[in-house]
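Chain letters run A, B, ... following the sequence lines, proteins first, then strands; residues in each count from 1. What you see is a predicted model; the values in this text were computed from it and never measured.
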Number of protein chains: 2
Amino acid sequence: MSPTVDKRPIQFSLDPKSGVPYYKQIILQVEFAIADGRFVTGDQLPTVRSLAVELKINPNTVARAYNELEIRGIVTTQQGTGTFISNRTIRLTEVEREGMLEGLIRPLITKAASYGFAMDEVINAIRDSYEGIEPRGEEKS
Amino acid sequence: MSPTVDKRPIQFSLDPKSGVPYYKQIILQVEFAIADGRFVTGDQLPTVRSLAVELKINPNTVARAYNELEIRGIVTTQQGTGTFISNRTIRLTEVEREGMLEGLIRPLITKAASYGFAMDEVINAIRDSYEGIEPRGEEKS
DNA sequence: CACATAGTATTAATTTACTAGTACAATGCA
DNA sequence: TGCATTGTACTAGTAAATTAATACTATGTG
């Protein structure tokens with residue numbers, strides 16, 4: 001019930017000790033926020049400068065993260081206006097979608113197999129993981 | 001029909017133009033060979049030196065690959081003896097196994113979701129991928 | 001136009017990753 | 001023991017990745 005803002009602006013944070021580069025941490029946090037519905041199509045991301053100040057890093061680092069996200073079609077940027085979540089699902093053809101999924105899955109399959117996991121184990125684990133993600137609906141009390 | 005050896009020694013190969021570091025290419029080829037049954041528990045990998053000569057790279061690069069594979073529990077090395085495929089599935093507790101699967105799956109889920117893939121699409125794609133891998137059994141005609 | 005706000009470009013410093021050179025240490029067997 | 005075979009350690013050179021300094025360009029509003 002904060003009187004000023006209605007949508008909390010999403011908390012970004014960086015872990016310098018993780019070994020994961022800053023720009024990748026930002027990308028992951030955006031991806032995750034989309035995955036669980038905290039970001040939806042049309043939402044504006046923090047500005048390059050504001051996020052840079054908040055995280056105490058250089059604006060270029062934030063810009064790089066936003067840039068990669070735009071290359072992947074996840075966000076749209078307009079100079080002078082801002083960076084926004086795009087409606088990415090519409091932007092891919094069926095062939096592109098399948099190719100991308102294949103690329104995401106192939107390494108998982110190979111590694112899982114070499115560690116001795118059977119297909120059913122993998123699929124069950126995936127089902128479990130999806131239970132932790134709210135499927136884009138509202139979740140007010 | 002080679003008169004000397006009965007088990008073909010598995011062809012390793014490197015692609016310098018792929019951008020994937022040599023040691024990772026070796027790891028992937030071992031993982032894949034295990035996944036489709038060309039390597040089974042107890043098999044000896046090529047020696048560090050022989051593979052280095054064959055691939056025209058430094059022994060340390062091969063050693064690094066074998067090292068990571070050992071850290072992951074996929075192979076066992078004995079100085080002076082050789083490097084062998086270990087019986088990894090036995091070496092992990094149930095908890096460790098689940099944790100490892102979780103670690104493999106989490107990034108996939110997040111990315112897939114941010115690209116707009118539904119759980120069913122992911123699972124179907126995984127089923128398709130597994131069709132390309134022989135499930136460790138004999139596959140004679 | 002003036003100005004605030006937003007993303008972009010160029011350059012460079014620093015760190016990390018990758019590979020190779022070379023020498024060392026452990027195992028097994030005659 | 002002597003020696004061949006196997007993995008290991010240490011060092012260093014090169015390339016790539018990561019981040020920052022700084023200055024620039026585009027958009028919107030009065």
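Atom P of nucleotide D:dT19 and atom CD1 of A:I26 are separated by 8 Å, given to the nearest angstrom. Counting to the nearest Å, the C1' atom of C:dA20 and the CZ atom of B:R49 are 14 Å from each other. To the nearest angstrom, P of D:dA20 lies 13 Å from NZ of A:K56. For the pair A:L55 CG and D:dT19 C1', the interatomic distance rounds to 14 Å; values are reported in whole Å. In this structure, B:L51 places its CG atom 12 Å from P of C:dA20, rounding to the nearest Å. In this structure, CD of B:Q44 is placed 13 Å from C1' of C:dT27, rounded to the nearest angstrom. Spacing between atom CD1 of B:I27 and atom P of C:dC18 amounts to 10 Å, rounded to whole angstrom units. Going from atom CD of A:E70 over to atom C1' of C:dG7 covers 10 Å, rounded to whole Å.
The two residues A:Y23 and A:T61 make their nearest non-hydrogen contact at CB-O, 3.8 Å.
Contact annotation: B:T83 side-chain N/O to D:dG7 OP1/OP2 distance is under 4.0 Å. Taking side-chain N and O atoms only, B:T77 has a distance below 4.0 Å to OP1 or OP2 of D:dT8. Look at A:T61 and you'll find a side-chain N or O under 4.0 angstrom from OP1 or OP2 of D:dA20.
Residue B:P46 is the one, among B:P46 and A:Y23, whose nearest nucleotide of DNA chain D lies closer to the 5' end (criterion: closest heavy atom). If B:P59 and A:K24 are placed on DNA chain D by their nearest nucleotide, the residue sitting closer to the 5' end is B:P59.
The backbone N or O of B:R106 sits less than 3.5 Å from a side-chain atom of B:T110, completing a donor-acceptor pair.
Taking only distance into account, the side chain of A:N60 never meets the base of C:dT11 through a donor-acceptor pair shorter than 3.5 Å. A donor N or O paired with an acceptor N or O is not found under 3.5 Å between the base of D:dT8 and the side-chain atoms of B:Q79.
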Would A:R127 and A:E131 satisfy salt bridge (charged side-chain N to carboxylate O under 4.0 Å, His left out), going step by step from the backbone distance to the final call? CA-CA 7 Å; A:R127 288 218 164 87; A:E131 285 182 5; over 6 Å; no
Exercise. Any chance you could lay out the salt bridge (charged side-chain N to carboxylate O under 4.0 Å, His left out) test for B:R97 and A:E121, step after step, and finish with the verdict?
Key: CA-CA 10 Å; B:R97 271 171 62 80; A:E121 288 182 286; 2.3 Å; yes
Residues A:R72, A:E31; criterion salt bridge (charged side-chain N to carboxylate O under 4.0 Å, His left out); working and verdict: CA-CA 11 Å; A:R72 303 184 195 174; A:E31 285 177 335; 3.0 Å; yes
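When distances are taken from the side chain of A:I57 to each of D:dA20, C:dG21, D:dT8, the shortest belongs to D:dA20. Closest to the B:R64 side chain, of the nucleotides D:dA20, D:dG28, C:dT19, is C:dT19. The B:T81 side chain lies nearest to C:dT27 when the options are C:dG7, D:dG7, C:dT27. Considering only the side chain of B:V48, D:dT8 comes nearest among D:dT19, D:dG28, D:dT8. The side chain of A:P21 lies closest to D:dT18, out of D:dG7, D:dT18, D:dT27. Comparing D:dA20, C:dT19, C:dG7 against the side chain of A:Y22 picks out D:dA20 as the nearest.
Side-chain N/O atoms of A:Q25 and A:S18 include a donor and acceptor closer than 3.5 Å.
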